[in-house]
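Just so it is clear: chains get the letters A, B, ... in the order the sequence lines come, proteins before strands, and each one is counted from 1.
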Amino acid sequence: MSTEAKKPKKMTLSIPPEELMACGHLACQGCGATMAMRYMLKALGQRTALCIPACCWAVIDGPYPYSSLDCPIYHCAFETAASTATGVKAGLDMVGDTETTVVAWAGDGGTFDIGLQALSGAAERNEDIIYVCYDNEAYMNTGIQRSSATPYGAWTTTTPVKHFKNRPKKDLVGIMAAHRIPYIATASVSHPEDLVKKMKKAKAISGTRFFHIYAPCPTGWKSRPEDTVKLARMAVQNAYFPLFEIEDGEKYTINLKLKDKKPVDDYIRIQGRFRHLKPEQIAAVQAEVDARWARLLKLAA
Amino acid sequence: MRQKKAKKIVFKSAEEMPLMICSVGDQTHNRTGAWRNIRPEIDLGKCIQCGICWKFCPEPSIDIVDEWPVIDYDYCKGCGICAEECPSKCIVMVEERK
Amino acid sequence: MDDDVGGGVGDAFDEGREPRPLEGPGVADLAAGFPVVAFIRIDDKPIYDKSRIYEPHHVVVVDPTLVEAIDITDGLKPGGTIIINSDRRPEDFPFHGKFKVRTVNATEIAVRNKLGTMAAPIVNTAITGAVVKVLGLTKLESLAAAIREGISIKPEDNVQAAREAYERA
Amino acid sequence: MKKVMMGNHALSFGAKLARSRVIAAYPITPQTQVVELLSEMCADGSLDAKFIKVESEHSAMAACIGASVAGARTFTATSAQGLALMHEMLHWAAGGRHPVVMGNINRSMAPGWSIWADQNDSLSERDTGWMQYYCASNQEVVDTVIQAFKVSEALMIPAMVILDAFALSHTYEVVDVPDQELVDRYLPPFKPAIKLTPDDPRAFGGLTGSEHYMELRYKLQKDMEKAPALIEETGREFAKAFGRHLGLLDAYRCDDAEFVFITSGTAGYTARAAVDDLRAAGVRAGNLRIKVFRPFPFAQVREALRNVKKAAVVDRNCSYGAHGIFYQEVKSAVYGEAGAPPILGYVAGLGGRDITVDSFKEVAAHAMSKERADEEIVWIGVKK
């Protein structure tokens, strides 16, 4: 392999080249959450302050006295991402820094479950923060226990195969929409351009902005590390995790229209956490996804 | 884009530690390349310089040097996303000899 | 620390006299309908005793129904004063004679001055007018100034209620 | 300027005079007037602060921590159940070295629901790394808030300013409100050496291994140990500026005392009245009010008890299965001292039961009838 063989052309990168995340971090191989952080920081830039509760990122960033990010971070208590971010924003404002974007960056456990009260409080007050939930659909940092973001059918260490989770994932975006906050978006690590674009849009809005980012976890989903982007893309294309925005709790916009909506079957089959599902159970997943998609189309019409 | 490769920080006494529990350096002392079981190899002859491998690298351990992707094996954990996503199939995963 | 409770009773109450510390540990209950007891100590010297008062010199009864419900004379020092918000005469009360009883219809005064409603009259300022007069605590104008400083809603109606009670008591 | 105000408003005035920049609070009886007045002050512009009306005490302390690490002077207030809900964040504030100052109204813990005074709420937080000041008058409340900010910011350790429910929180007293200009001279703006800013990006509070954690806590303890001297020093400075001394202990007629009460909070003032009565009856009594419980003034208590023949600690709290909590600390302060007096422990006033001059006389009579402590707890005023 040699570079002399070909004349290099000028590369056009589809996302900003600036890196605010350094190598050496502690994420597992093929970690979706790590990609989500990298893309968000590319969009928001260095003047970003992060509040990170207990979640994978509490570890990924690196232990004391290190950090992998070139932004200030406050590692906060599990249920306090939104409330700590509220305080950081107020504190920065009062010391004269009104420019820094304050981000609460939490996993699904810290958002859907233990941090929901603080998030709801911050959203109701319309605090001037961006709240990002990177969703890997279980408590991965503690070793794959079910959260209320765990989808129907999934195995976790607390929903063993014989008693897999038989309730659907909580509709968090719906809950956030009910708060009538100025901006809500879903995003996926398979679509970094879309993520960066929406994050930049959110940065220019004031008030509470909420992102739900789909972040596959090879460790917890029992999938191959190299399939992380593929799985995320499949989830977008089969409407398992559609990409859309909600402005002011009302105006729904679907960012990626699905002309040819794929079935969930392939997506389910390449993840070990769903291995036990029988065809009729997969059909139930399909029915749920179809119903959610139909509802979204109606809301966005 | 190139990251500095920092040294490990050793505090010899409590006195040397800042009052607040805060970072004083980055994680680049941690050569995560040691985790790797399979290594990506890029055939630049087939590379179309699309930047997709760079875009999807979670470390990020793929740099763009003179318009070509270059893998930093000090940090590449060998996840294989670059090979999986490469549209020209110019990256192959090769078993690491340890 | 000796001087820290010995200051004046505040601008409005001060009148340039010897300062009088003032205390009232409220034993407020959470819900409506419970009897509420509050206390005030007045002295020229610093007051350190922070406990409730068990043997008062005077008793002020804001809610006349309490006269039937509890023994409002419990612990009252002989010859003490009882000021009751009531439309009855002092001699109508059984403890009249044993104690010095004074009545003022603070409810009527409050309602006429649009303080609360007939069902829930707000009688605090009216009864205070009577207390200040009967016990000779301070001048009416000092009380009026305190009310204006401390009450942001309808201050003049409250001052008027206090004035009427002061004049009638 | 002298004003008649309730203890809760004394807290608000303290926070205002200290120029708090961020206040995050949640209402709880008997604390509500603290936050009501502060929100009015923020609304009418007399206080240039952000008031965050959070949805729980847990979030209140989280927001205070966030604001503090960003470099803002931060205040909150709570009581009892609210303080207990904050428990996790109290560790966070102290461990993270965020000098938040908080008013706590001492209220008994449920169940059954109680809104009245005792100290088990704040004393349950004694091991969190917060400084604790117990006040006996509204003047002391307003003064202590100002001093607490000065000490806390010097040491980067948070502090609670504590007052009894109703007996102080809702009691109106005369307060000499310190002059703003003098307060500004006494308490300069908060300028932490390290703070959360993109200009100096750091990760705060990350995963800390056993090779580092202990040193960080060692530093907290070492700085805590500096607090007693600093409290005395800033107390003298306060006296110079405002004419009122603020110290660790308040010794009343202790100089020649043979028998002393050891007290805290408002009971520590009621005890003075009992001391006067005992003196009139020929007993050389005194009262040692412990104003600062954390850090515990071990050396100062030891010194104060040097010539005392007997001491009775009256606790408005109980560590169930052990003793009154001040009693434990006082005993450990004199442990092993040659000639240390017998120290007896009394528990009184739980759930807002009144502690009266007579309660103290009962304590004195009991203590004087004993050679030494022969019960773990002597209960005062309980229907056994």
Side-chain angles (χ1 to χ4, degrees), chain A residues 1-15 17-19 21-39 42 60-70 72-75 189-190 192-193 196 215-216 218 224-230 232-233, chain B residues 1-6 8-9 11 17-18 21-33 35-38 41-52 54-61 63-69 72 74-85 90 93:
Chain A
M1 75 176 199
S2 80
T3 50
E4 284 84 53
K6 263 168 89 178
K7 249 206 132 57
K9 66 173 182 185
K10 182 88 188 137
M11 277 176 78
T12 325
L13 304 177
S14 59
I15 54 173
E18 294 76 23
E19 294 292 357
M21 189 171 94
C23 289
H25 60 69
L26 300 180
C28 305
Q29 283 120 317
C31 170
T34 307
M35 300 164 70
M37 175 67 87
R38 181 172 172 236
Y39 302 146
K42 282 175 180 289
I60 294 171
D61 185 51
Y64 174 86
Y66 306 106
S67 172
S68 298
L69 304 182
D70 201 18
I73 299 172
Y74 195 82
H75 288 286
V189 295
S190 58
E193 297 83 359
V196 167
R224 303 187 309 166
E226 61 265 44
D227 284 345
T228 291
V229 173
K230 186 160 91 182
R233 189 184 299 116
Chain B
M1 216 181 292
R2 195 52 271 163
Q3 292 111 14
K4 54 190 181 290
K5 294 188 180 179
K8 215 173 152 119
I9 294 156
F11 293 122
M17 298 163 80
I21 308 169
C22 59
S23 62
V24 293
D26 67 27
Q27 264 289 107
T28 51
H29 65 92
N30 184 35
R31 306 296 165 94
T32 51
W35 302 13
R36 194 172 56 241
N37 290 314
I38 44 174
E41 287 186 351
I42 306 177
D43 179 353
L44 292 182
K46 286 204 261 171
C47 174
I48 59 168
Q49 295 172 282
C50 64
I52 284 175
W54 166 83
K55 181 173 77 176
F56 285 125
C57 179
E59 298 315 314
S61 59
D63 299 314
I64 307 293
V65 182
D66 299 331
E67 310 304 321
W68 293 103
D72 187 339
D74 279 345
Y75 299 106
C76 168
K77 292 172 186 162
C79 70
I81 290 177
C82 54
E84 183 70 25
E85 295 300 320
C90 73
M93 298 304 291

Taking every heavy-atom pair that is under 4.5 Å apart, which of [options] has the most such pairs with chain B?
options                             : answer
A/Met37, A/Arg38, A/Met35           : A/Arg38
A/Asp227, A/Leu26, A/Thr228         : A/Leu26
A/Cys28, A/Pro72, A/Gly62, A/Pro218 : A/Gly62
A/Cys31, A/Ser14, A/Ala27           : A/Ala27

Identify whether the distance between the nearest side-chain nitrogen and carboxylate oxygen of B/Glu67 and A/Lys9 falls below 4.0 Å.
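So B/Glu67 does not pair with A/Lys9 through a salt bridge.
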State whether B/Glu84 and A/Arg224 are salt-bridged, where the test is any N-O pair (Lys NZ or Arg NE/NH1/NH2 against Asp/Glu carboxylate O) under 4.0 Å.
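Between A/Arg224 and B/Glu84 there is a salt bridge, with a charged N closer than 4.0 Å to a carboxylate O.
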For A/Tyr74, is it the side chain, the backbone, both, or neither that has a heavy atom closer than 4.5 Å to a heavy atom of chain B?
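Answer is neither: A/Tyr74 stays 4.5 Å or more from chain B.
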What part of A/Leu69 gets closer than 4.5 Å to chain B, counting heavy atoms only: side chain, backbone, both or neither?
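Contact with chain B: none, neither part.
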B/Cys82 versus chain A, heavy atoms under 4.5 Å apart: side chain, backbone, both or neither?
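For B/Cys82, no heavy atom lies under 4.5 Å from chain A.
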Please classify the contact between B/Asp66 and chain A as side chain, backbone, both or neither, with a heavy-atom cut-off of under 4.5 Å.
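Interface part for B/Asp66: backbone (N, CA, C, O).
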Minimum heavy-atom distance B/Thr28-B/Ala6, with the two atoms named
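What the structure gives for the nearest pair is OG1-N, 2.8 Å.
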With the side chain counted from C-beta on, respond yes when B/Pro58 and B/Ile81 share a heavy-atom pair under 4.5 Å apart, and no when they do not.
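Yes, their side chains come closer than 4.5 Å.
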Have B/Gln27 and A/Ser68 got a donor and an acceptor in their side chains that come within less than 3.5 Å?
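No - no donor-acceptor pair under 3.5 Å links their side chains.
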Partners of B/Phe56 by ring-ring contact (aromatic ring centres under 6.0 Å, His included), sequence neighbours excluded?
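Listed in chain order: nothing, the list is empty.
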Given A/Thr34, which partner from the list A/Val189, A/Ile60, A/Asp61 fulfils the side chain to side chain contact (heavy atoms under 4.5 Å, CB included) test?
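Filter result, single survivor: A/Ile60.
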Counting heavy-atom pairs under 4.5 Å with chain A, which one of B/Lys77, B/Met93, B/Lys8 comes out on top?
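The candidate making the most pairs under 4.5 Å is B/Lys77.
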